[in-house]
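Read through the structure below, which is laid out as structure tokens, and then see the notes.
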Amino acid sequence: GLHDVFSQIICNIAYTCLFNKYETPNRFMPECPNIPMAERVDCYPDAGASKVRQRGCCWNPLDERNVPWCFFPTNHGYIMHSFQTPQPTVFFAEMKRMDSPSLFGGDIQDLTLHAEMQTNNRLHFKIYDSKSQRFEVPHEHIPTVTNSASSPISDTLEIRNNPFGLIVRRKENKKVLFDTTMAPLVFADQYIQLSAKLPSHNIYGLGEHVHQRYRHDTNWRTWPIFTRDGFPNGVTLQPAPAVTYRTIGGVLDFYILFGDTPEDVVHEFLELTGMPVIPAYWSLGFQLSRWNYGSLDEVKTTVERNRAIDLPYDVQYTDIDYMEEKKDFTYDKVNFSELPGFADYLHEKGQKYILILDPAVATSKRVGGAPYEAYDRGTEKSAWVFESDGKTPLVGEVWPGETVFPDYTSPNCIEWWIDEYVRFSKEVKHDALWIVSGFSDTYDSPGN
């Protein structure tokens, strides 16, 4: 009614006055249309938001706690100032940052977009710093892609230039699948953010968590990613439905797979990454593991007790108590003196043996002051994670006491690790390896 209209006019006047009062130093005025609450993208995700305007955000407090009070205006982000299409399936664009306040400083002023249809069902796009090389996760397991798309990229990708945004559609029915025009792109040296509106609430995935349901809750839920349980590395889902990715470095590198069914999408994914390794059949059977058996005699007693009642189990483990003082690539010569022959003992009854390695390497010497040769060889190879000076090993404390940590991104470390593992596997026969890393456990067989 008329009262509602009058109230809205008053609200709009107050809203404008608020922005005038809290203008940013460079006279930036955020443009804040009536953005639906479900589509607001948080401009102050690091908690403690207020109406002060240093970030040039919109401010509209609500009774609803989950909805952002401080959210992005429509005049943040980047402007596309040039583009080229060297092939019908390839698109390049150059962008310049808009004159607007910074969220955290260090904003990259010039960005490049590279997009291509790699197949008729796979779009790849990457956004990166135009002038400086930034870290990118090496795609060592993704083969070089030969472009085999027959339809032009314009059938699936639309670009908005001011502010920059991209819209991905199905070419058959033009249904929008991924629309980043709902919020600005943020690309700073140590903070990157991209939001996209999605076609439905049917959102799955986002690993590294114990999820209570397969289909995700989109009511303002944030899932931390990249092994850091906190802001800013994370994915936020909101009711629009929409997704916001936040991270502290690197580039934005996306693959969008067009499948009519979940099976089609999985097929496209595997075509890109390669087929998974088929696990050994025995590894799918029942397995037994515990910490602190104390001795190999106790392990064998456990095995025999289960054999006596015909309990069908395929694999027996030993945890770190088989080691000498919990040191990798060693075994306890007193309590586990017969460990080198334990695998043969299990094989007699068709069972397998898996042992653990816990990649935190002790700095101390072995029993009796003997050198810990695995540590010494790793030091000679510079196999460890180093502090910022690139010379001082990062030291921590894990099961064996003071430890250093193998840097598996380093070729020197990989060479050291393979050498140590070959040495140890010749000393203690086993069928597979249980590798512990942080809170995630994985296992691999010696032949892989």
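Here the structure is a predicted model, which is why all the values come from computation and not from measurement.
- Looking at Asp332 and Met323, their side chains never come closer than 4.5 Å, going by heavy atoms from C-beta outward.
- Between the CZ atom of Phe72 and the SG atom of Cys43 there is a distance of 4.0 Å, given to the nearest 0.5 Å.
- Taking the ring axis of Phe178 as reference, the NZ or CZ atom of Lys197 does not stay both within 45° of it and closer than 6.0 Å to the ring centre.
- A distance-only check finds no donor-acceptor pair linking the side chain of Ser283 to the backbone of Pro279 [under 3.5 Å].
- Ring to ring, Phe405 and Trp384 are not that close: their centroids are 6.0 angstrom or more apart.
- The two residues Gly105 and Ala188 make their nearest non-hydrogen contact at O-CB, 3.5 Å.
- Ion pair Lys126/Glu136 flagged as a salt bridge, since at least one NZ, NE, NH1 or NH2 atom sits closer than 4.0 Å to an Asp/Glu carboxylate oxygen.
- No donor-acceptor pair under 3.5 Å is formed between the side chain of Arg170 and the backbone N or O of Asp260.
- At a threshold of 4.0 Å, the pair Glu158-Arg160 counts as salt-bridged, since one of the basic side-chain nitrogens sits closer than that to a carboxylate oxygen.
- Side chains of Asp110 and Asp129 form no contact here, defined as non-hydrogen atoms less than 4.5 Å apart.
- Within a 6.0 Å radius of CD1 in Ile309, other residues, nucleotides and ligands contribute more than 12 heavy atoms.
- Rounded to the nearest 0.5 Å, atoms CZ (Arg97) and NE2 (His76) are 6.5 Å apart.
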Could you walk me through whether Tyr245 and Phe254 pass ring pair (Phe, Tyr, Trp, His ring centres under 6.0 Å), step by step?
CA-CA 11 Å; Tyr245 299 91; Phe254 283 79; 5.2 Å; yes
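- Using modelled atom types and a 3.5 Å distance limit, the side chains of Tyr353 and Thr318 yield a donor-acceptor pair.
- Checked by atom type and distance alone, the side chain of Gln287 never pairs as donor or acceptor with a backbone atom of Asp314 at under 3.5 Å.
- Checked against the 6.0 Å centroid threshold, Tyr214 and Tyr204 do not count as a close aromatic pair.
- For Pro73 against Gly56, the heavy-atom pair with the smallest separation is CG-O, 3.3 Å.
- Between the side chain of Arg40 and the main chain of Pro68, a donor-acceptor pair closer than 3.5 Å is present.
- Summarising the geometry, atom CD1 belonging to Ile320 is positioned 12.0 Å from atom CD belonging to Glu325; distances are rounded to the nearest 0.5 Å.
- Separating the CG atom in Leu296 from the OG atom in Ser337 is a distance of 7.5 Å, to the nearest 0.5 Å.
- Environment of CD in Glu387: crowded, with over 12 heavy atoms of neighbouring residues, nucleotides or ligands closer than 6.0 Å.
- A donor-acceptor contact closer than 3.5 angstrom is absent between the side chains of Ser100 and Asn75.
- No more than 12 heavy-atom neighbours from other residues, nucleotides or ligands sit within 6.0 angstrom of CZ on Phe269.
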Run the numbers on Gln118 and Leu123 for side-chain contact (heavy atoms from CB on, under 4.5 Å), then give the verdict.
CA-CA 6 Å; Gln118 295 181 336; Leu123 169 69; over 6 Å; no
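- The environment of CD in Gln190 is sparse: at most 12 heavy-atom neighbours from other residues, nucleotides or ligands sit within 6.0 Å.
- Nearest heavy atom pair, residue Thr403 against residue Pro400, reads CG2-CG, 3.5 Å.
- Side chain to side chain, Thr363 and Glu402 meet the donor-acceptor criterion of an N or O pair below 3.5 Å.
- At least one donor-acceptor pair closer than 3.5 Å links the side chain of Asp389 to the backbone N or O of Thr392.
- Contact annotation: the side chain of Thr112 never approaches that of Ile127 to less than 4.5 Å [non-hydrogen atoms, C-beta and beyond].
- Here CG of Asp431 is found 11.5 Å from CG of Leu433. Values are rounded to the nearest 0.5 Å.
- In summary, Lys333 and Glu324 do not engage in a salt bridge, as defined by a charged side-chain N under 4.0 Å from a carboxylate O.
- A donor-acceptor contact shorter than 3.5 Å links the side chain of Tyr322 to the backbone of Ile356.
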Stepwise ring pair (Phe, Tyr, Trp, His ring centres under 6.0 Å) test for Tyr421 and His430
CA-CA 12 Å; Tyr421 183 61; His430 55 283; 5.6 Å; yes
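- Counting only heavy atoms from C-beta outward, the side chains of Met182 and Gln238 approach each other to under 4.5 Å.
- No donor-acceptor pair closer than 3.5 Å links the side chain of Thr85 to the backbone N or O of Pro88.
- Considering every non-hydrogen atom in both Asp358 and Asp328, the closest pair reads O-OD2, 2.7 Å.
- Here the side chain of Asp407 pairs no donor or acceptor atom with the backbone of Phe386 at under 3.5 angstrom.
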Run the salt bridge (Lys or Arg N to Asp or Glu O under 4.0 Å) check on Asp419 and Lys381 step by step: do they pass?
CA-CA 11 Å; Asp419 178 59; Lys381 284 280 190 181; over 6 Å; no
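- Contact record, Gly294 with Asp321: N-OD2, 3.3 Å, taken as the closest heavy-atom pair.
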Begin with the C-alpha distance, continue with both residues' side-chain angles, and end with the deciding distance and a verdict on ring pair (Phe, Tyr, Trp, His ring centres under 6.0 Å) for Tyr191 and Phe104.
CA-CA 7 Å; Tyr191 183 81; Phe104 301 105; 4.6 Å; yes
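- Once rounded to the nearest 0.5 Å, the distance linking CG of Leu166 with OG1 of Thr181 reads 9.0 Å.
- Proximity of Leu355 to Val428: side-chain heavy atoms (C-beta onward) are separated by under 4.5 Å at one or more points.
- Side chains of Lys327 and Ser364: a donor-acceptor N/O pair is present below 3.5 angstrom, by distance only.
- For CD of Gln212, the number of neighbouring non-hydrogen atoms (other residues, nucleotides, ligands) closer than 6.0 Å is 12 at most.
- Between Phe91 and Phe83, a ring centre-to-centre spacing shorter than 6.0 Å is recorded.
- A salt bridge is absent between Glu373 and Arg366; no separation between the charged side-chain nitrogens and carboxylate oxygens falls under 4.0 Å.
- Classification of Glu380 and Arg377 as a salt-bridged pair fails, no side-chain N sitting under 4.0 Å from a carboxylate O.
- Counted within 6.0 Å of CH2 on Trp399, heavy atoms from surrounding residues, nucleotides or ligands total 12 or fewer; the atom is thus considered open.
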side-chain contact (heavy atoms from CB on, under 4.5 Å) between Phe125 and Leu157: does it pass, once the steps are laid out?
CA-CA 10 Å; Phe125 72 85; Leu157 182 65; 5.8 Å; no
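- Salt bridge absent: Arg169 and Asp155 never bring a charged side-chain N and a carboxylate O closer than 4.0 Å.
- Using a 30° and 60° split on the angle between ring planes, His124 and His114 fall in the perpendicular class, above 60°.
- Between Val41 and Ser195, the shortest heavy-atom contact is CG1-OG, 3.4 Å.
- Both the sub-6.0 Å distance and the 45° axial angle are satisfied by Arg55 relative to the ring of Tyr44.
- Here the two rings, on Tyr372 and Phe329, have centers that are 6.0 Å apart or farther.
- Side-chain atoms of Thr236 and Thr222 include a donor-acceptor pair closer than 3.5 Å.
- Judged by a 6.0 Å distance limit and a 45° cone about the ring axis, Arg290 is positioned over the six-membered ring of Tyr293.
- At distances below 3.5 Å, not a single donor-acceptor pair connects side-chain atoms of Thr330 with backbone N or O atoms of Lys326.
- Under the 4.5 Å side-chain criterion, counting only non-hydrogen atoms from C-beta, Pro45 is in contact with Arg246.
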